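Just so it is clear, the values below take in all heavy atoms, side chains as well, and ignore hydrogens, waters and symmetry mates. All residue numbers in this chain count up from 1 along the given sequence. Computed from a prediction, not measured in an experiment: that's the story for all the values here.
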Amino acid sequence: MEIIGWILIITSFIIAFVGTFYPIIPSVVFMLLGYILYGLFFSFAELNWLFWIIQVLFVVLLFSADMAANAFGVKKFGGTKAGVWGSTIGLIFGPFVIPIAGILIGPFLGAVIAELIVTREGIKQAINSGIGSLIGFLTSSVVKVIVLTVMLVVFILFI
């Protein structure tokens, strides 16, 4: 039973990291699931209140950094709220329309199309917004990997 527990816990953590690049997978939920599985299979005793406070702070940081990186990328390249929304929609639907490549193409096209439809400032501005969206997504993914890694290290230190 111990081996099954570790397999489920490690699988949960792996899925959390996959979610950093495939945004339809909620990374934080799988990371927290790994902690809960550990508690259920082994013991919650090591995962005291300090552990949970630290993890909640990292969850807040993760959500804040994720949203800020995407919005910053679009805004830095002159995009508008329409570009941010288009990028987000493209990020969600892109991987379904174009598997694997849609992760990068979706946010770019979403931002470009939204800018063209809503702001109508021209193709150059729309493409700049798309580039900003792509940079924001990649930056966000790097930040997520770092925060998830720190969350996992904290977990390992507590057990």
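- Residues in residues 4-29 take part in no salt bridge (charged side-chain N to carboxylate O under 4.0 Å, His left out) pair, two or more places apart or across chains.
- Distance CD1/Ile159 to OG/Ser43: 11.0 Å, rounded to 0.5 Å.
- For the pair Phe21 and Ser141, the minimum side-chain heavy-atom distance is below 4.5 Å.
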Could you please spell out the steps behind the ring pair (Phe, Tyr, Trp, His ring centres under 6.0 Å) verdict for Phe155 and Phe13? CA-CA 11 Å; Phe155 169 74; Phe13 292 152; 5.4 Å; yes
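- Clustering ILVMFWY residues whenever any of their side-chain heavy atoms sit less than 4.5 angstrom apart, transitively, puts Tyr38 in a cluster other than the one holding Val153.
- Within 6.0 Å of the CG atom in Leu157, the count of heavy atoms belonging to other residues, nucleotides or ligands exceeds 12.
- Residue Leu104 comes nearest to Leu134 through the heavy atom pair O-CD1, 3.5 Å, listed as atom of the first residue, atom of the second, then distance.
- Nearest heavy-atom pair across Phe17 and Leu152 is CE1-CD2, 4.1 Å.
- Among residues at least two apart or in separate chains, salt bridge (charged side-chain N to carboxylate O under 4.0 Å, His left out) pairs with a member in residues 127-154 are Asp66-Lys144.
- Clustering ILVMFWY residues whenever any of their side-chain heavy atoms sit less than 4.5 angstrom apart, transitively, puts Ile7 in a cluster other than the one holding Tyr35.
- For the pair Ser140 (side chain) and Gly136 (backbone), a donor-acceptor distance under 3.5 Å is absent.
- The distance from the CD1 atom of Ile113 to the OG atom of Ser129 is 11.5 Å, given to the nearest 0.5 Å.
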Could you go through Phe108 and Ile127, starting from their C-alpha distance and side-chain angles, then the distance that decides it, and tell me whether this counts as side-chain contact (heavy atoms from CB on, under 4.5 Å)? CA-CA 8 Å; Phe108 175 81; Ile127 289 174; 4.3 Å; yes
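- Under the 3.5 Å distance criterion, the side-chain polar atoms of Thr149 are matched with a main-chain donor or acceptor of Val145.
- Put simply, Val18 and Val150 are part of the same group of oily side chains (I, L, V, M, F, W, Y) that touch within less than 4.5 Å, one to the next.
- For Phe44, the CZ atom sits in a packed shell: over 12 heavy atoms of surrounding residues, nucleotides or ligands are nearer than 6.0 Å.
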Verify side-chain contact (heavy atoms from CB on, under 4.5 Å) between Leu138 and Val142, making sure each step is shown before the conclusion. CA-CA 6 Å; Leu138 294 173; Val142 169; 5.8 Å; no
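- Between Ala111 and Ser133, the shortest heavy-atom contact is CB-CB, 3.9 Å.
- Taking all atoms of both residues into account, the shortest heavy-atom contact from Ser27 to Leu148 is CB-CD1, 3.9 Å.
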Show your reasoning for whether ring pair (Phe, Tyr, Trp, His ring centres under 6.0 Å) applies to Trp52 and Phe158. CA-CA 11 Å; Trp52 289 106; Phe158 270 83; 9.9 Å; no
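- Surrounding CZ of Phe51 are more than 12 heavy atoms belonging to other residues, nucleotides or ligands, all under 6.0 Å away.
- Both Ile25 and Phe63 sit in one connected hydrophobic cluster of ILVMFWY residues. Membership requires side-chain heavy atoms under 4.5 Å apart, directly or through other members.
- A distance of 13.0 Å separates CD1 of Ile105 from CG of Leu91, quoted to the nearest 0.5 Å.
- Interatomic distance, Ile9 CD1 to Ile4 CD1, rounded to the nearest 0.5 Å: 12.0 Å.
- The minimum heavy-atom distance between Phe77 and Ile135, with the atom names listed, is CZ-CD1, 3.4 Å.
- A pairwise comparison of heavy atoms in Leu37 and Leu8 identifies CD1-O, 3.8 Å as the closest pair.
- Proximity of Phe137 to Ile103: side-chain heavy atoms (C-beta onward) are separated by under 4.5 Å at one or more points.
- Linking ILVMFWY side-chain heavy atoms closer than 4.5 Å, directly or via other members, places Leu47 and Met31 in a single hydrophobic cluster.
- A distance of 6.5 Å separates CG of Leu62 from CE of Met151, quoted to the nearest 0.5 Å.
- Distance check, rounded to the nearest 0.5 Å: CE of Met1 to CZ of Phe41 gives 5.0 Å.
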